[in-house]
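Worksheet: one structure, shown below.
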Amino acid sequence: MQNHIEADIIILGGGLGGCAAALAAAKAGKRVIMTEESDWLGGQITSQGVPPDEHPWIEQFGCTASYREFRNRIRDYYKELFPLRAESRQERYLNPGSALVSGIAHEPRAALAVLQGMLAPYVHSGRLTILTEHALMEAESGGDQVTSVRLRDSRSGDIVKLTGAFFLDATEEGDLLPLAGIEYVTGSESAEETGEPHALSGPADRADMQAFTWCFAMDYREGEDHTIPKPVRYDFWKSYRADFWPDAMLSWTGLVPHTLEPVTYSLFPDGRSFSLWKYRQILNPEHFEGGLFDSSVTVVNWPQNDYWLGSIIDVVPEERERHLEESRQLSLSLLYWMQTEAPRPDGGKGYPGLRLRPDVMGTKDGLAKAPYIRESRRIRAEFTVKEQHIAAECRPDGRAETFHDSVGIGCYRIDLHPSTGLRTYIDISSLPFQIPMGSLIPVRVANVLAACKNIGTTHIANGCYRLHPVEWNIGEAAGFLAAYCIEHGLKPREVRNTPDHLEAFQRRLTEQGIERSWPSVHAV
């Protein structure tokens with residue numbers, strides 16, 4: 001059976017970029033359809049299980065008003081619904097997990113509830129239709145326009161055809177691009193091509209992409225045994241060691257990303273080593289009254305379960321599935337090693353009390369619903385952000401490149417995890433940056449916008465444009481831009497290249513609480 005639905009704007013992908021785009025477009029009065037392959041909205045913050053990774057000024061400035069509302073609602077979710085201790089309830093900047101990596105680490109299902117709440121007015125009014133568990137299959141194009149897309153409902157098998165004036169690609173891997181014949185790049189550019197100090201010295205390698213990670217949630221029950229069955233690939237992963245890694249993959253040894261010096265981790269805080277448990281802890285029972293929680297909960301998104309033995313983008317289905325399964329096996333092997341063989345400070349081995357938390361991840365096995373994707377296909381854009389625009393060592397004046405067409409801002413180190421080309425970390429200082437409108441606009445296709453980490457960046461620059469608040473800002477700007485184009489009968493590049501329209505559109509963004517420039521702040 002095939003259904004046909006029409007709207008003004010079709011948003012493919014319900015991650016942070018997709019949700020922000022849907023909010024913006026619906027707020028602008030447009031009829032919107034947003035699709036999502038998973039049964040959870042939220043992408044990296046929910047179905048991929050990654051707590052927010054943000055810059056040091058996030059509580060004061062440096063994000064859009066709607067992203068700040070999202071963060072505030074996360075705190076309100078716990079303050080309104082949970083029996084918090086008095087001192088925790090009074091914390092203005094409550095951090096539910098007390099994590100090291102984030103000032104607002106929280107459970108994925110809390111983020112899901114908040115996103116659904118923010119979208120609810122537009123869903124209830126009929127302005128926004130959300131199609132979860134729908135996988136993109138086909139796209140049709142005519143000239144320089146995408147005319148329709150087809151998706152399959154994974155529950156019923158039905159096909160739905162969607163048509164609209166604009167299509168926003170907010171999928172985790174840039175899925176619309178190859179289906180619609182939109183020009184894009186993948187992997188690592190060469191230094192000869194981009195002039196970037198940290199680009200490849202030899203030819204470009206389109207298959208050389210950042211590692212992805214299959215996260216999982218766990219708690220700890222001292223005195224209990226929750227050891228999982230030995231994973232099928234455990235013996236391989238126990239013996240595996242990359243040439244650039246200082247020890248076996250399954251060990252307490254890793255690398256400091258920006259110095260590449262060996263570092264020793266501990267599972268729990270010991271006063272001497274970096275605690276992996278506290279790193280992405282998403283629930284701290286000390287915040288709650290009455291012994292509501294008898295263990296903290298942490299997300300395992302650690303160096304030991306980064307998967308870099310192959311890309312899952314633009315490979316045959318069999319190879320993709322093999323790498324996805326190997327990454328799941330790596331994560332399960334890490335858990336099994338910690339439960340059975342990991343050295344303990346007391347001289348013993350293993351922590352059998354480590355317990356997977358399927359309820360936290362909304363799955364049967366406790367692993368996230370989807371792998372954490374750091375690097376997507378990237379559009380060939382009207383403008384491409386490069387290392388030279390944002391890296392501290394390339395900017396002697398201490399400020400990132402100023403973009404006349406800025407549609408937002410972000411800040412994060414240029415942080416690239418080991419890659420499928422078996423290259424080690426690239427982790428270098430960057431300056432707080434702007435998001436140029438030109439990076440959202442494909443070079444040819446007129447009614448498509450990039451709405452998440454698939455914008456026009458290089459492999460290097462992608463390392464700091466991929467995080468939570470930046471993805472949100474990209475999606476929000478794309479949603480407002482599509483709405484503006486429909487209202488004025490313009491193409492995105494016409495808005496960018498017509499001074500009066502650019503000024504009017506940027507004024508609209510400012511009115512909607514989107515910051516487009518930074519005050520004087522330091523590099524990160």
Checking side-chain polar atoms at under 3.5 Å, does [X] have a donor or acceptor matched by the opposite partner on [Y]?
{"X": "Tyr78", "Y": "Glu107", "answer": "yes"}
{"X": "Glu286", "Y": "Ser98", "answer": "no"}
{"X": "Arg374", "Y": "Thr213", "answer": "yes"}
{"X": "Glu172", "Y": "Gln48", "answer": "yes"}
{"X": "Ser295", "Y": "Arg355", "answer": "no"}
{"X": "Asp53", "Y": "Tyr412", "answer": "yes"}
{"X": "Glu189", "Y": "Thr194", "answer": "no"}

Any sub-3.5 Å donor-acceptor pair from [X]'s side-chain atoms to [Y]'s backbone N or O?
{"X": "Ser419", "Y": "Asp208", "answer": "no"}
{"X": "Thr510", "Y": "Gln506", "answer": "yes"}
{"X": "Trp308", "Y": "Gly421", "answer": "no"}
{"X": "Asn473", "Y": "Gly410", "answer": "no"}
{"X": "Lys453", "Y": "Gly17", "answer": "no"}
{"X": "His55", "Y": "Gly62", "answer": "yes"}
{"X": "Gln44", "Y": "Val50", "answer": "no"}
{"X": "Ser66", "Y": "Ala20", "answer": "no"}
{"X": "Trp214", "Y": "Ala368", "answer": "yes"}
{"X": "Thr457", "Y": "Ala461", "answer": "no"}

Between Met34 and Leu119, does the side chain to side chain contact (heavy atoms under 4.5 Å, CB included) criterion hold? Intermediate values first, please. CA-CA 11 Å; Met34 178 170 64; Leu119 294 165; 4.0 Å; yes
Do [X] and [Y] have side chains that approach each other closer than 4.5 Å (heavy atoms only, starting at C-beta)?
{"X": "Val299", "Y": "Val360", "answer": "no"}
{"X": "Leu356", "Y": "Asp219", "answer": "no"}
{"X": "Pro519", "Y": "Trp57", "answer": "no"}
{"X": "Phe244", "Y": "Tyr425", "answer": "no"}
{"X": "Ser188", "Y": "Arg423", "answer": "yes"}
{"X": "Leu200", "Y": "His459", "answer": "no"}
{"X": "Leu330", "Y": "Met249", "answer": "yes"}
{"X": "Ser331", "Y": "Arg328", "answer": "no"}

In Å and rounded to the nearest 0.5 Å, what is the [atom1] to [atom2] distance from [X] to [Y]?
{"X": "Ile45", "Y": "His468", "atom1": "CD1", "atom2": "NE2", "value": "4.5 Å"}
{"X": "Cys452", "Y": "Leu168", "atom1": "SG", "atom2": "CG", "value": "9.5 Å"}
{"X": "Lys386", "Y": "Cys394", "atom1": "NZ", "atom2": "SG", "value": "12.0 Å"}
{"X": "Tyr122", "Y": "Leu23", "atom1": "OH", "atom2": "CG", "value": "6.5 Å"}
{"X": "Ile390", "Y": "Gln434", "atom1": "CD1", "atom2": "CD", "value": "12.0 Å"}
{"X": "Glu471", "Y": "Asn454", "atom1": "CD", "atom2": "CG", "value": "9.0 Å"}

Which atoms form the tightest heavy-atom contact between [X] and [Y], and what is the distance?
{"X": "Leu128", "Y": "Ala22", "value": "CD1-CB, 4.1 Å"}
{"X": "Pro371", "Y": "Leu324", "value": "CG-CD2, 3.9 Å"}
{"X": "Gln281", "Y": "Gly97", "value": "NE2-O, 2.7 Å"}
{"X": "Ile11", "Y": "Ala170", "value": "CG2-CB, 4.2 Å"}
{"X": "Pro56", "Y": "Val524", "value": "CD-CG1, 4.1 Å"}
{"X": "Ser439", "Y": "Ile455", "value": "O-CB, 3.3 Å"}

Stepwise side chain to side chain contact (heavy atoms under 4.5 Å, CB included) check, Lys369 with Asp39: CA-CA 9 Å; Lys369 289 176 177 288; Asp39 60 341; 2.8 Å; yes
Answer with yes or no after comparing the ring centroid distance for Phe403 and Phe383 against a 6.0 Å cut-off, counting only values under it.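 So the answer is yes for these two rings.
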Aromatic contact, Phe433 with His389 (centres under 6.0 Å):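 No.
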Looking at [X] and [Y], does any basic side-chain N land under 4.0 Å from a carboxylate oxygen?
{"X": "Glu193", "Y": "Arg206", "result": "yes"}
{"X": "Arg272", "Y": "Asp270", "result": "yes"}
{"X": "Glu69", "Y": "Lys27", "result": "no"}

Aromatic plane relationship, Phe274 with Tyr279 - under 30° parallel, 30 to 60° tilted, over 60° perpendicular: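 The rings of Tyr279 and Phe274 stand perpendicular, inter-plane angle above 60°.
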Hey, can you tell me if Phe82 and Tyr77 have their rings parallel, tilted or perpendicular (30° and 60° cut-offs)?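 Taking Tyr77 first and then Phe82, their aromatic rings sit tilted (interplane angle of 30° to 60°).
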Give a yes or no on this: more than 12 heavy atoms of other residues, nucleotides or ligands lie within 6.0 Å of atom NE2 of His258.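 Atom NE2 in His258 is not crowded, with 12 or fewer foreign heavy atoms closer than 6.0 Å.
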Are there over 12 heavy-atom neighbours, none belonging to Asp243, within less than 6.0 Å of that residue's CG?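 Atom CG in Asp243 is not packed in, count stays at 12 or less.
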Partner of Trp337 by ring pair (Phe, Tyr, Trp, His ring centres under 6.0 Å), out of Trp252, Trp302, Tyr351: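 In the set Trp252, Trp302, Tyr351, the residue that makes a ring pair (Phe, Tyr, Trp, His ring centres under 6.0 Å) with Trp337 is Trp252.
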Taking it one step at a time, do Leu176 and Thr171 satisfy side chain to side chain contact (heavy atoms under 4.5 Å, CB included)? CA-CA 8 Å; Leu176 177 63; Thr171 60; 5.7 Å; no
Please evaluate residues Phe505 and Phe480 with respect to the criterion side chain to side chain contact (heavy atoms under 4.5 Å, CB included), reporting the C-alpha separation (whole Å), side-chain torsions for both, the decisive distance (0.1 Å), and the verdict. CA-CA 9 Å; Phe505 177 67; Phe480 279 127; 3.9 Å; yes
